[in-house]
Amino acid sequence: MMGEAMRVEAAARRLEFRDPKRAQALTKALASLCQEIGRPVSIMHVCGTHEQAIARFGLRSLLPEKLTVLMGPGCPVCVTDMPEVDEAVVLARQGVIVATFGDMFRVPGSVRSLAEVKAEGADVRVVYSPFEALRIARETEREVVFFATGFETTAVATAALVLASPPQNLAILSAHKYIPPVMEIVAEMPQTRVQGFLAAGHAATITGWRIFERFVARHRIPVVAGGFEPLDILAALAELLRLIRDGETRAVNAYPRCVTADGNRQAQRLLWEVFETEGGNWRGIAHVPNGNLRLRAKYAWADARRRFDIDPSSISAEARPGLSQECICGNIMAGIASPYDCRLFGAECAPQNPVGACMVSSEGTCKIWHEYGGHLSFRT
Amino acid sequence: MCLGAPGKVIEVNGLSASVDFWGVKRKVRLETVDEPVGIGDYVLVHVGFAIRRIPEEQVQETLALYDELVAAEKKDLMAADIQGEVEAAGKHDGRGDES
Ligand code: SF4
């Protein structure tokens, strides 16, 4: 593991790549803001890409001691509930062709992952885009189900697929999740104590930053939409600290390159034409009212849950063995634990033999920390 | 997966566009973008769909992060995600509108 000094140096070297003066000014600003605030501050982001950038560029080593930046439930694959994976597994076992994103392929359900049922002979295909599922459906007479995961950014693409008059043998099994409601849940968790949210830039590209105003008013917690450059992230953090220092609860846009007040209206139109929100479990976190996206009744013909008789109880008798009981992914995504608190991290659980979803997905905190390193002195 | 990838529009065909991602030519759907997109524009693409036309004055700044990541090793997580976004865009098979 890299020493602290080396880590700072490495981060600085990478930041030199662009505007080192601005990086230095931002780091200084963060330090003095923290000093002015005087007490420890926790900021949560809700985006796997933010975590990738923070870990990759070693940004935590540039943060003042008193500032903790946590990754919340920002990995769509990780928050997909086991029973949702079970539904896909059951469908695959029933002889349906299941198409899904690569990260979802290896995530364990309560008994099997899709990769495991594929090894047993089921037809599971990894796709990069919803439109590949469409191509698969066009080339076969068999039933094809697209097991759709991802936040609103990705759900827009699934909506476009449904609206592109797909062939009748294609259906959607939606495990799409909607971010704004889960922020409410995490903000209300007594152990979490988040004082500010860094909102994900590209989800906000769709929804617009103003969507967070209601949340801000209700919870008196500032929200700043931020981009993915190291400097974007540092700037967004500085903005959050400024708001916290001044006791100002506002939603602010620190990523005007991609985020506007009202977002991408055309994408929203497609999204809400096809989907509506419903309550559902986010794996390891909680039941989230309005946190899931399901197809509206008018698109029942494209909804795998309405078209097929999916009976997950048919596999529940096959209990999943041992280690997964010890996975603390849920606590990590709720901001109350770090991967280093997991006994299995890097040993029994690693990217080649993942125990939990957070080690499978490239957006999972455990995988990201395993690949890039996290922070030596993680504080909760 | 939410990172998306920016590419340059080289041809528009109804709701489908040919987009150049670091020299790789791919097809991208346009029904998800809220502004008219023309040849020479840069769009941010996620799972094969354009979700934003990047304003001209912000193109260079947007590309800067990606240029470094694209040059990184394949096993780098962010580089792999960008690669995945490029893969997600339709193969360029010379046909017209795909759907
Ligand atoms: S290291 Fe593995 S088992 Fe531990 S919390 Fe992370 S994903 Fe779960």
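Everything numeric here is computed off the predicted structure, so don't read it as measured data. So you know, we letter chains A, B, ... as the sequences are listed, proteins then strands, and number each from 1. Every heavy atom of this structure was used, including side-chain atoms; hydrogens, water molecules and symmetry mates were not.
Of the possible donor and acceptor atoms, none in the side chain of A:E152 sits under 3.5 Å from a partner among the backbone N and O of A:A203.
At a 4.5 Å heavy-atom cutoff, the contact between A:T260 and chain B is made by side-chain atoms alone. With a threshold of 4.5 angstrom between heavy atoms, B:L44 approaches chain A through side-chain atoms but not through N, CA, C or O. Looking at A:P256, the atoms closer than 4.5 Å to chain B (heavy atoms on both sides) all sit in the backbone: N, CA, C or O. Using a 4.5 Å cut-off between heavy atoms, A:A200 makes no contact with chain B at all.
Judged as a disulfide (SG to SG under 2.5 Å), and not counting sequence neighbours, the contacts of A:C358 are A:C329. With sequence neighbours excluded, no residue forms a salt bridge (Lys or Arg N to Asp or Glu O under 4.0 Å) with B:D34.
Using a 4.5 Å cut-off on side-chain heavy atoms (C-beta onward), A:F131 and A:P166 make no contact.
Here A:N264 is the residue among A:T205, A:I206, A:N264, A:L163 with the most heavy-atom pairs under 4.5 Å with chain B. In terms of heavy-atom pairs under 4.5 angstrom with chain B, the leader among A:A160, A:G102, A:A267 is A:A160. In terms of non-hydrogen atom pairs under 4.5 Å with chain B, the most contact-rich of A:E371, A:H50, A:R269 is A:E371.
With 3.5 Å as the limit, one finds a donor-acceptor pair spanning the side chains of A:T154 and B:H46.
In summary, A:R60 and A:E51 engage in a salt bridge, as defined by a charged side-chain N under 4.0 Å from a carboxylate O.
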